[in-house]
Amino acid sequence: AGLLVYNKQAFDAVDEPYPQDGWTLDDLVAAGRRLSRDTDGSGRADRLGYAVRYNDLDAYPLLHLFGGRFFSQDGRTCQLGSAEALACVRWIYDQVHTNRIAPGPAQMVGGPLSMFHRGQVAMLRQTLREFASLRGADGAEDYEAVPFPRHPVTGKVAALSSSLSYGISRAATSAHGALQWIKFMSSREMGVQMFLGGYSYPGCRLASWQDARVVGEYPICAQLAEVADTAENEGLPWNLRLADCLAIWNDQMTRLWYGALTPEDCVARIVEGVDEVLQRPLETVGGEVLPDSLLPH
């Protein structure tokens with residue numbers, strides 16, 4: 001699940017209450033409007049309420065929140081032409097060009113995270129790992145987080161499941177030893193230690209996320225564990241050409257950010273481009289075609 005990370009000083013400066021667990025996107029936009037300020041008298045807001053993140057895999061959680069999908073279940077068609085996916089793209093567009101609570105090209109200086117550090121942006125969506133990194137830097141007391149706001153109508157959350165998988169090949173000389181190693185790496189205690197050591201997330205077991213040592217350091221982990229059951233697996237293209245598909249998304253979404261495309265035109269271009277990629281032959285690894293058992297189904 002994503003986090004809404006906020007700078008408490010930005011909220012204190014305008015006497016605005018901090019974000020709360022249970023916020024919807026409407027609450028986020030309303031607070032963003034109140035936080036956006038023209039502090040230098042230029043006629044354009046130079047302190048903004050929220051920074052939109054839309055590139056690469058940042059798109060997946062937001063799409064899920066709106067009920068949209070990048071690929072069909074079998075990975076052979078692009079699903080971004082749905083009403084739900086279009087609503088997601090339109091929401092991104094609106095925060096920059098209609099509500100103007102998020103920085104556009106002329107306002108972006110050094111990227112959203114740099115603007116957040118400088119107090120020019122009050123809120124942005126981050127992962128737990130990124131939030132932990134922020135809290136580990138100077139001024140950690142200024143940063144706090146709540147679960148990312150839900151969809152105001154459906155109640156969906158920005159949550160997707162992703163993982164690192166281990167396997168035992170037929171060439172393994174000690175399958176039992178490999179199995180024991182996998183069990184150790186996926187254990188509750190290893191999840192706790194990897195997170196507290198700054199290496200990774202708390203792991204694949206909810207018990208790790210709810211462990212008193214983890215929750216004591218980051219109470220938000222207990223809230224994230226509560227929404228884990230709502231997470232869906234990320235879809236993959238059948239031919240594994242994910243990088244090509246995401247490159248098309250990035251290119252067209254950048255044009256949207258610049259205001260060169262409407263949300264409808266942006267979505268149409270992405271669908272056309274991605275569907276063309278999905279018509280290409282199966283991606284190969286080391287010149288070898290992957291066996292059917294290893295392909296996404």
Side-chain angles (χ1 to χ4, degrees), residues 1-8 10-11 14-37 45 48-55 57-70 79-104 112 116 121-128 130-131 144-161 219-220 222-235 249 253 256-257 259 262-264 266-267 270:
L3 296 176
L4 180 66
V5 179
Y6 60 93
N7 187 326
K8 292 190 289 186
F11 282 78
V14 294
D15 198 27
E16 178 73 13
Y18 297 147
Q20 300 291 318
D21 182 16
W23 261 22
T24 69
L25 290 180
D26 291 343
D27 297 312
L28 169 60
V29 173
R33 285 172 172 157
R34 293 190 291 269
L35 287 158
S36 297
R37 289 286 186 274
L48 295 149
Y50 178 67
V52 173
R53 298 180 62 182
Y54 58 81
N55 279 31
L57 299 180
D58 286 325
Y60 280 109
L62 204 56
L63 277 170
H64 179 267
L65 188 151
F66 280 84
R69 297 182 66 90
F70 206 119
Q79 298 289 288
L80 291 176
S82 69
E84 293 81 4
L86 176 59
C88 174
V89 173
R90 184 178 291 118
W91 189 86
I92 292 172
Y93 177 90
D94 284 344
Q95 307 328 308
V96 177
H97 298 287
T98 304
N99 298 322
R100 299 188 178 182
I101 66 171
F116 181 76
V121 165
M123 300 177 286
L124 73 167
R125 182 166 57 84
Q126 296 281 83
T127 66
L128 175 61
E130 291 166 331
F131 175 53
E144 195 50 79
V146 295
F148 195 79
R150 295 173 177 265
H151 192 282
V153 177
T154 66
K156 276 185 168 288
V157 298
L160 275 168
S161 174
I220 192 70
Q223 294 173 282
L224 293 179
E226 291 177 0
V227 301
D229 288 341
T230 68
E232 297 178 2
N233 292 326
E234 296 175 2
W249 167 276
M253 289 296 289
L256 180 85
W257 184 55
T262 66
E264 290 77 11
C266 178
V267 165
I270 295 173

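When reading the values below, keep in mind they use all heavy atoms of this one structure, side chains included, and skip hydrogens, waters and symmetry mates.
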Enquirer: Starting at OH of Y50, measure out to OH of Y6 and round the result to the nearest 0.5 Å.
Expert: 15.5 Å
Enquirer: Can you give me the closest heavy-atom contact between A85 and L80, atom names plus distance?
Expert: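 Scanning both residues completely, I find the closest heavy atoms to be CB-O, 3.3 Å.
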Enquirer: Would you mind reporting whether M123 and L35 have side-chain heavy atoms less than 4.5 Å apart?
Expert: yes
Enquirer: Passes side-chain contact (heavy atoms from CB on, under 4.5 Å), H97 versus L256? Steps please.
Expert: CA-CA 10 Å; H97 298 287; L256 180 85; 5.8 Å; no
Enquirer: Show your reasoning for whether side-chain contact (heavy atoms from CB on, under 4.5 Å) applies to Q20 and V146.
Expert: CA-CA 6 Å; Q20 300 291 318; V146 295; 5.8 Å; no
Enquirer: Under 3.5 Å, is there a donor-acceptor pair between the side chain of H151 and the main chain of L25?
Expert: no
Enquirer: Any idea which heavy atoms bring G81 and V267 closest together, and the distance?
Expert: CA-CG1, 4.0 Å
Enquirer: Do E144 and I220 come close enough that some side-chain heavy atom pair is under 4.5 Å?
Expert: no
Enquirer: So that I can tick it off, tell me whether E84 and K156 are bridged by a salt bridge, with the cut-off set at under 4.0 angstrom between side-chain N and carboxylate O.
Expert: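 A salt bridge is absent here (no side-chain N lies under 4.0 Å from a carboxylate O).
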Enquirer: For A51 and A102, work out which heavy atoms get closest and say how close.
Expert: CA-CB, 4.4 Å
Enquirer: Of all residues at least two apart in sequence or in a different chain, which pass the ring pair (Phe, Tyr, Trp, His ring centres under 6.0 Å) check with F70?
Expert: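 Ring pair (Phe, Tyr, Trp, His ring centres under 6.0 Å) check on F70 returns Y60, W249.
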Enquirer: Measuring from L62:CG to Y54:OH, what's the distance to the nearest 0.5 Å?
Expert: 13.0 Å
Enquirer: Can you name the closest pair of heavy atoms from D26 and P152 and give their distance?
Expert: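 Between these two residues, the closest heavy atoms are OD2-CB, 3.4 Å.
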Enquirer: When you check the side-chain N and O atoms of Q79 and S82, is any donor under 3.5 Å from an acceptor?
Expert: no
Enquirer: Check the pair L3 / L224 against side-chain contact (heavy atoms from CB on, under 4.5 Å), numbers first and verdict last.
Expert: CA-CA 9 Å; L3 296 176; L224 293 179; 3.7 Å; yes
Enquirer: Which value, rounded to the nearest 0.5 Å, describes the distance between R90 atom CZ and T98 atom OG1?
Expert: 10.0 Å
Enquirer: To the nearest 0.5 Å, how far apart are CZ in F66 and CG in L86?
Expert: 10.5 Å
Enquirer: Supply the atom-to-atom distance L4 CG to D21 CG, rounded to the nearest 0.5 angstrom.
Expert: 11.0 Å
Enquirer: Do you know the tightest heavy-atom contact between R100 and L48?
Expert: O-CD2, 3.6 Å
Enquirer: Between Y18 and F11, what is the ring plane arrangement, given parallel below 30°, perpendicular above 60°, and tilted in between?
Expert: perpendicular
Enquirer: Check whether any side-chain heavy atom of C88 lies under 4.5 Å from a side-chain heavy atom of L65, and answer yes or no.
Expert: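 No, too far: nothing below the 4.5 Å cut-off.
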Enquirer: Tell me every residue that passes salt bridge (charged side-chain N to carboxylate O under 4.0 Å, His left out) with R33, counting only those two or more places apart in sequence or in another chain.
Expert: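 For R33, no residue satisfies salt bridge (charged side-chain N to carboxylate O under 4.0 Å, His left out) once neighbours in sequence are set aside.
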Enquirer: So, taking the atom named CZ in R69 and the one named NE2 in H64, what distance separates them when rounded to the nearest 0.5 Å?
Expert: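 Spacing of CZ (R69) from NE2 (H64) equals 8.0 Å.
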Enquirer: For F148, does its backbone N or O pair with a side-chain atom of R125 as donor and acceptor, under 3.5 Å?
Expert: no
Enquirer: Could you please spell out the steps behind the side-chain contact (heavy atoms from CB on, under 4.5 Å) verdict for W257 and V96?
Expert: CA-CA 7 Å; W257 184 55; V96 177; 3.9 Å; yes
Enquirer: Any side-chain heavy atom of P112 within less than 4.5 Å of one from V121?
Expert: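 The answer is no, as the side chains (C-beta and beyond) never meet within the 4.5 Å cut-off.
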